[in-house]
Amino acid sequence: MRYWLMKSEPSDVSIDDLANLPDQTVAWYGVRNYQARNFMRDQMCKGDAVLFYHSNCAVPGIAGIARVSSPAYPDATQFDRNSKYFDPKATQETPRWFNVDVQWVKKIEPISLAELRRHPQLEGMRVLQRGNRLSITPVDPAEWRFILKHLVRD
DNA sequence: GCCAACGTTGGC
DNA sequence: GCCAACGTTGGC
């Protein structure tokens, strides 16, 4: 069982959008970064816990909790000529991009990026590092416990 | 809207 | 393999 932080632009899929989807589940398609892909393909397991992070918005930060609800499988959008995620180099036999499904667990009182930065216990978090752009990052179990114990208010 | 940081591409 | 150019991310 691992812990992750996954970024989503709320204008794309917000924590409330996720809560209202069928099965409260979304296919995490469209990741086109190799490191993020490798995390999904090689390390994520069904049941892994996810901090659902709102990025590129007025108050960036953790907006909810989710879980990985499927193993990684080929991202369908790479084969779709009409998708902005179409990849001409990907084939059905050798897919290049993968995604998992992510299921809503709960919405929380948002924990802003500024709030996260206030805690020395979290200073190692990838999302707090300068210049960080990776949309999927592992979360240390100690960091996860700290966040749940001290920062999550339902 | 600005711009720093980063990943990718492609010429050589 | 180097590296400049380019496109994207995402906080502010």
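Throughout, protein chains are lettered first and strands after them, A, B, ... in sequence-line order, and every chain is numbered starting at 1.
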Inset, instruction - Check whether any side-chain N or O of A:K7 sits under 4.0 Å from OP1 or OP2 of C:dT9, and answer yes or no. - result: no
Kindly give the atom pairs (protein nitrogen or oxygen, nucleotide nitrogen or oxygen) under 3.5 Å for nucleotides 2-4 of chain B.
none

Can you list, pair by pair, the side-chain donor-acceptor contacts under 3.5 Å of residues 48-55 of chain A, counting residues two or more places apart and other chains?
{"from": "A:D48", "atom 1": "OD1", "to": "A:R2", "atom 2": "N", "distance (Å)": "3.0"}
{"from": "A:D48", "atom 1": "OD2", "to": "A:W4", "atom 2": "NE1", "distance (Å)": "2.9"}
{"from": "A:D48", "atom 1": "OD2", "to": "A:C45", "atom 2": "N", "distance (Å)": "3.0"}
{"from": "A:H54", "atom 1": "NE2", "to": "A:I15", "atom 2": "N", "distance (Å)": "3.1"}

Inset, instruction - Starting at atom CD of A:E9, determine the distance to atom P of C:dG10, rounded to an integer number of angstrom. - result: 7 Å
I'd like a table of donor-acceptor pairs (distance under 3.5 Å, sequence neighbours excluded) in which one partner is a side-chain atom from residues 98-106 of chain A, with atom names and distances.
{"from": "A:N99", "atom 1": "ND2", "to": "A:Y73", "atom 2": "OH", "distance (Å)": "3.1"}
{"from": "A:D101", "atom 1": "OD1", "to": "A:Y73", "atom 2": "OH", "distance (Å)": "2.5"}
{"from": "A:Q103", "atom 1": "OE1", "to": "A:R67", "atom 2": "NH1", "distance (Å)": "2.9"}
{"from": "A:Q103", "atom 1": "NE2", "to": "A:D23", "atom 2": "O", "distance (Å)": "3.1"}
{"from": "A:K106", "atom 1": "NZ", "to": "A:D154", "atom 2": "OD1", "distance (Å)": "2.9"}

Inset, instruction - Kindly write out the residues that satisfy salt bridge (Lys or Arg N to Asp or Glu O under 4.0 Å) with A:E109, not counting sequence neighbours, or none if the list is empty. - result: none
Legend entry - Distance test, side-chain N/O of A:Y53 to OP1/OP2 of C:dT9, below 4.0 Å: no
Legend entry - Whole angstrom value for the distance that separates P of C:dG10 from CD1 of A:I136: 11 Å
Inset, instruction - Could you check how far CG of A:D12 sits from C1' of C:dT8, rounded to whole Å? - result: 15 Å
Legend entry - Atom-to-atom span, CD of A:Q129 to P of B:dC6 - whole angstrom: 10 Å
Inset, instruction - Mind checking salt bridge (Lys or Arg N to Asp or Glu O under 4.0 Å) for A:R96 and listing every partner two or more places apart, or none if nothing turns up? - result: A:D87
Inset, instruction - Can you sort out which residues in residues 90-97 of chain A have a heavy atom within less than 4.0 Å of DNA chain C? Ascending by number, please. - result: none
Inset, instruction - Check for a donor-acceptor pair, side chain of A:N20 on one end and backbone N or O of A:D16 on the other, with a separation under 3.5 Å. - result: yes
Legend entry - For atom CG of A:L134 and atom C1' of B:dG7, their distance in whole Å: 11 Å
Legend entry - pair A:I136-A:M44: side-chain heavy atoms closer than 4.5 Å: yes
Inset, instruction - Name all residues meeting the side chain to side chain contact (heavy atoms under 4.5 Å, CB included) criterion together with A:H119; count only those two or more places apart in sequence or in a different chain, and write none if there are none. - result: A:E115, A:Q121, A:L122, A:F146, A:L151
Legend entry - Whole angstrom value for the distance that separates P of C:dG10 from CG of A:L116: 15 Å
Inset, instruction - Rounded to the nearest angstrom, tell me the gap between atom CD in A:Q35 and atom C1' in B:dT8. - result: 13 Å
Legend entry - Any residue meeting salt bridge (Lys or Arg N to Asp or Glu O under 4.0 Å) with A:D80, in chain and number order, not counting sequence neighbours: none
Legend entry - Protein-nucleotide distance (A:N33, atom CG; C:dG10, atom C1'), rounded to Å: 14 Å
Legend entry - salt bridge (Lys or Arg N to Asp or Glu O under 4.0 Å) involving A:R117 - partner list, sequence neighbours excluded: none
Inset, instruction - Could you say whether A:N56 or A:Y34 is positioned toward the 5' end of DNA chain B, judged by the nucleotide with the nearest heavy atom to each? - result: A:N56
